[in-house]
Amino acid sequence: NAIPYLIGFPVFALFGLRGYKNYRRLHNPLSGYFALSGMLASLAFFFWSVPFAVSQDQTFLLVANSIGDFFLYSMFVLQADLVYYLILRNKMSRALFVLPALLLGIAGWLANVYGYVQNGIDIVDNEFVYTLPLFSSIAQMILLVNVFLVGILMLGKLKELASGRSKTSLVSVACLYIFAALGGAINVILSGKPNDSPLIIGTYIAGFVLFVMVVVAVHVVRPQK
């Protein structure tokens, strides 16, 4: 699992930086959401990958995983706020939609930390083996719905754009969101299964392709005003 995370963290950092530059230039709230989402995802991927390359100390890896999970759940809550911004801001109170996601995110992260501490960790054949509470999986599956929904909503915005470059950029973002949600769901569903599962491998291959698309969007596609 650390290999795609190791590749993903600098790509998401570039994606977040691009979003930040667009936000500074265009003052578009959507770019701001993308900037923060990219940086949170990058930090999560960093703490899930780099520590494994420098140490096998179990306490160190436990702390690193806990920090990575914190950024993961922070990103999840941000996506709930993004969904609210895109489709619900004129229909209901922000607190009614985002607050439950925030509470679920906090509870999910605490459940992860509890699982690491209570059940302990082992390193077997260079694999980081641990067991998390069922609640952790349920919380992640619920929060992943927002990630998937953002991808679908981005595809729905294609008709609002006239520029081919802008459409290409938006498609890459939408696909990244959709496949990240599906990949996360598959990893939760197959938790505890061997890492050579065809579904997991297929998800990683799709992830690599999407990473390339994002790199192209960051370096080649220039959003239009």
Side-chain angles (χ1 to χ4, degrees), residues 12 15-45 68-114 132-163 166-167 169-189 210 214 217 223-225:
F12 277 116
F15 176 69
L17 181 61
R18 181 66 173 181
Y20 173 73
K21 289 182 177 180
N22 287 339
Y23 178 75
R24 288 286 301 273
R25 183 168 61 92
L26 304 175
H27 300 289
N28 181 356
L30 191 58
S31 296
Y33 277 108
F34 287 156
L36 188 53
S37 297
M39 296 311 297
L40 289 174
S42 177
L43 288 169
F45 276 33
D69 289 351
F70 173 81
F71 288 116
L72 170 72
Y73 280 101
S74 298
M75 186 273 294
F76 281 157
V77 175
L78 181 64
Q79 304 321 301
D81 195 50
L82 177 52
V83 170
Y84 173 81
Y85 168 77
L86 289 171
I87 60 175
L88 298 173
R89 65 182 185 273
N90 296 322
K91 299 178 181 179
M92 63 184 297
S93 168
R94 185 180 193 180
L96 289 177
F97 186 79
V98 179
L99 184 59
L102 174 62
L103 296 177
L104 183 60
I106 293 173
W109 178 68
L110 291 176
N112 279 29
V113 175
Y114 173 82
L132 295 180
L134 176 61
F135 179 79
S136 296
S137 297
I138 295 174
Q140 287 191 43
M141 291 294 286
I142 293 173
L143 292 170
L144 278 166
V145 172
N146 285 317
V147 180
F148 182 81
L149 186 56
V150 170
I152 298 299
L153 292 173
M154 289 303 99
L155 291 178
K157 282 186 167 291
L158 288 175
K159 59 186 178 181
E160 301 176 10
L161 302 176
S163 168
S166 295
K167 288 184 177 181
S169 180
L170 195 60
V171 166
S172 69
V173 172
C175 289
L176 181 61
Y177 266 90
I178 291 171
F179 276 83
L182 293 176
I186 291 173
N187 275 314
V188 171
I189 293 171
L210 291 169
V214 173
Q224 304 297 309
K225 290 185 178 182

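The first residue of the sequence shown is numbered 1, and numbering continues consecutively from there.
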> If you take all heavy atoms of L143 and G105, which pair is closest and at what distance?
Replying inline: CD1-CA, 4.0 Å
> Rounded to the nearest 0.5 Å, how far does CG of L86 lie from CG of D81?
Replying inline: 10.0 Å
>> What I'd like to find out is whether the side chain of L30 reaches to under 4.5 Å of the side chain of M154, using heavy atoms alone.
In response: yes
>> Using side chain to side chain contact (heavy atoms under 4.5 Å, CB included), reason through F76 and W109 one step at a time and then give a plain yes or no.
In response: CA-CA 11 Å; F76 281 157; W109 178 68; over 6 Å; no
> Is a side-chain N or O of S74 found less than 3.5 angstrom from the main chain of F70, in a donor-acceptor match?
Replying inline: yes
>> M92 vs Y84, test: side chain to side chain contact (heavy atoms under 4.5 Å, CB included). Steps then yes/no.
In response: CA-CA 9 Å; M92 63 184 297; Y84 173 81; 4.1 Å; yes
> Which heavy atom of L104 sits nearest a heavy atom of A139, and at what distance?
Replying inline: CD1-CB, 3.9 Å
> Rounded to the nearest 0.5 Å, how far does CE of M75 lie from CG of L43?
Replying inline: 11.5 Å
> Roughly how far, to the nearest 0.5 Å, is the CZ atom of F148 from the CD1 atom of I178?
Replying inline: 5.5 Å
> Taking it one step at a time, do I106 and L110 satisfy side chain to side chain contact (heavy atoms under 4.5 Å, CB included)?
Replying inline: CA-CA 6 Å; I106 293 173; L110 291 176; 4.0 Å; yes
>> Please find the pair of heavy atoms, one from A80 and one from A101, that lie closest to each other, and give the distance.
In response: CB-CB, 3.6 Å
> Has F135 got more than 12 heavy atoms of other residues, nucleotides or ligands less than 6.0 Å from its CZ?
Replying inline: yes
> Looking at N112 and S136, what are the two nearest heavy atoms and their distance?
Replying inline: OD1-OG, 2.8 Å
>> Can you tell me if F97 has over 12 outside heavy atoms packed within less than 6.0 Å of its CZ?
In response: yes
> Considering residues, nucleotides and ligands other than R89, do more than 12 of their heavy atoms fall under 6.0 Å from its CZ?
Replying inline: yes
> To the nearest 0.5 Å, how far apart are CG in L36 and CG in L78?
Replying inline: 5.0 Å
> N22 and S31: which non-hydrogen atoms are nearest, and at how many Å?
Replying inline: CB-OG, 3.6 Å
> Where do F15 and G38 come nearest, in terms of heavy atoms and distance?
Replying inline: CD2-CA, 4.1 Å
> Would you call the rings of Y85 and Y33 parallel, tilted or perpendicular if under 30° counts as parallel and over 60° as perpendicular?
Replying inline: tilted
>> I'd like to know whether L40 forms a side chain to side chain contact (heavy atoms under 4.5 Å, CB included) with Q79, so could you lay out the CA-CA distance, the side-chain angles of the two residues, the decisive distance to 0.1 Å, and finally the verdict.
In response: CA-CA 11 Å; L40 289 174; Q79 304 321 301; over 6 Å; no
> Should the ring pair F45 and F12 be called parallel, tilted or perpendicular, given that the plane angle runs from 0 to 90° and is split at 30 and 60?
Replying inline: perpendicular
